Number of protein chains: 2
Amino acid sequence: MPDAKHAIKRAVPLRKTPQKRTSALIIDLGVLSERLGYFIRRTQLWVFQDFIRRLSSLDLSPAEFSVLVVIGANTGLSQSELATTLGIERARLVRLLHRLEKRGLTQRLPSSADGRRHALRLTADGQKILARAKMLAAQHEAALKEKLGAERHRLLLESLRAF
Amino acid sequence: MPDAKHAIKRAVPLRKTPQKRTSALIIDLGVLSERLGYFIRRTQLWVFQDFIRRLSSLDLSPAEFSVLVVIGANTGLSQSELATTLGIERARLVRLLHRLEKRGLTQRLPSSADGRRHALRLTADGQKILARAKMLAAQHEAALKEKLGAERHRLLLESLRAF
DNA sequence: TATTGTTATACTCTATAACTATA
DNA sequence: TATAGTTATAGAGTATAACAATA
């Protein structure tokens, strides 16, 4: 966490004269400590920061990674299908694909069956980058598993997947 | 989720002529189904959306709620302490407090001990709004607990709090 | 009429840097 | 020098609305 543990800390960070402040209170999260949403948010921020750091050499955001993964696993799908699957706005996907296409990682081909649709696919470069990204993402996941413990990691994945 | 279940769905949503598309593929999440970060993100979005909906009558965002809770539980704390506790930028907290102060919910008083600091506190109105917000947030939490099951809810809270 | 991809707009969040006043 | 609060800016993410082409 950035940082759940550190967040709950001395109000007076032990500077030269800590007795200066009248009340050296410990900061209390109050009812937040019973709110799952608060901890989910903190955890999500930590996980994304770690993911971004580990994939920085490929310059891929979590959103871009998820787009490449789903196109790679479903060659020929449409933008609407992809947007719905990932729960992102169609409008945002357009900009994401513009950038990925400009980098030469993805292509939009005309759909043979429906003139309105684009059939999405990875380029050869896109496949290469995705393969490397998957390895880095697996390292990220391993670090997460070590931090949580294998059993907790399994429980979390199972619980949230079913949600 | 908006919607994890619905996200994994038919590529061709059973329109009039589903046989039009050459391949009626089921959209596959690929390696994303093994990525905890993906599901944490999806869950966090669902939880925030539910929270925002339930507190819409008070016009309080999750961030504003957390600010009120922590000020209420630590009267007199400084902006830096609050920002560090919640893991938000000092600069962003300034704008959050501007709005809350303009709504008459919070106050920034000069700190007696340190001329640079502000001592934060809730107004009487702020305390009233916070009390109502806490009730709505408890209802949100109850809904979440029902959706997850009490045991899973407990496990998640424990795991993420320790993270 | 409805859907797909697109553009445009606005608002929030995040990440910085720089400034002031105080220490 | 360093810290607390502030302002400003730029980049993402989110939420809409509207449009052209197609169904």
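Naming convention: chains lettered A, B, ... in sequence-line order (proteins, then strands); numbering from 1 in each chain. Source: prediction; values computed, not measured.
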For residues 87-100 of chain A, run the donor-acceptor check on the side chains, cut-off 3.5 Å, and write out each pair with its distance to 0.1 Å, sequence neighbours left out.
{"residue": "His98(A)", "atom": "ND1", "partner": "Arg108(A)", "partner atom": "NH2", "Å": "3.1"}
{"residue": "Arg99(A)", "atom": "NH2", "partner": "Glu64(A)", "partner atom": "OE2", "Å": "3.4"}

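Close to dA4(D), at under 4.0 Å from its OP1 or OP2, lies a side-chain N or O of Ser80(B). Contact check, Gln49(A) against dT14(C): no side-chain N or O comes under 4.0 Å of OP1 or OP2. Taking 4.0 angstrom as the limit, Arg108(A) places none of its side-chain polar atoms (N or O) nearer than this to OP1 or OP2 of dT4(C). Using a 4.0 Å cut-off, some side-chain N or O of Arg117(A) falls inside it from OP1 or OP2 of dT4(C).
Both Phe163(A) and Leu29(B) are members of a single hydrophobic cluster when ILVMFWY side chains are connected at heavy-atom separations under 4.5 Å. Both Leu58(B) and Val69(B) are part of a single hydrophobic cluster, where members link through side-chain heavy atoms under 4.5 Å apart.
To the nearest angstrom, C1' of dA21(C) lies 10 Å from NE2 of His118(B). dA10(C) atom P lies 18 Å from atom CD of Glu89(A), rounded to whole Å. Arg116(A) has its CZ atom 6 Å from the C1' atom of dT4(C), to the nearest Å. What separates CG of Leu120(A) from C1' of dG5(C) is a distance of 11 Å, to the nearest Å. Computed from coordinates, the Leu93(A) CG to dA15(D) P distance equals 15 Å when rounded to whole Å. Summarising the geometry, the separation between CD on Gln79(A) and C1' on dT3(C) is reported as 13 Å, rounded to the nearest angstrom. Here dC13(C) presents its C1' atom at 10 Å from CG of Leu45(A), a figure rounded to the nearest Å. Between the CG atom of Leu100(A) and the C1' atom of dG5(C) there is a distance of 16 Å, given to the nearest Å.
Between the axis at the start and the axis at the end of the helix from dT1(C)-dA23(D) to dA23(C)-dT1(D) there is an angle of 0°, using five pairs per end and rounding to 10 degrees.
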Scan nucleotides 7-9 of chain C against the protein and return all N/O pairs shorter than 3.5 Å with their distances rounded to 0.1 Å.
{"residue": "dT7(C)", "atom": "OP2", "partner": "His98(A)", "partner atom": "NE2", "Å": "3.2"}

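For Phe51(B), the ring pair (Phe, Tyr, Trp, His ring centres under 6.0 Å) criterion is met by Phe65(B), His140(B), not counting sequence neighbours. Gln127(A) pairs by the side chain to side chain contact (heavy atoms under 4.5 Å, CB included) definition with Leu122(A), not counting sequence neighbours.
Ion pairing of Glu158(A) with Arg161(A) is absent here, as no side-chain N (NZ or NE/NH1/NH2) approaches a carboxylate O to less than 4.0 Å.
Take the nearest nucleotide of DNA chain D for Ile88(A) and for Gly115(A): the residue whose nucleotide is more 5' is Ile88(A). Residue-to-nucleotide proximity on DNA chain C shows that, of Leu97(A) and Arg41(A), the 5′-proximal contact is made by Leu97(A).
For residues 131-142 of chain A, the pairs satisfying salt bridge (Lys or Arg N to Asp or Glu O under 4.0 Å) are Glu141(A)-Arg35(B), with sequence neighbours left out.
Within a 6.0 Å sphere centred on CD of Glu146(B), other residues, nucleotides and ligands contribute 12 heavy atoms or fewer.
Side chain of Ser66(B) to main chain of Ala63(B): a donor-acceptor pair is present (N/O by atom type, distance under 3.5 Å, no hydrogens or angles).
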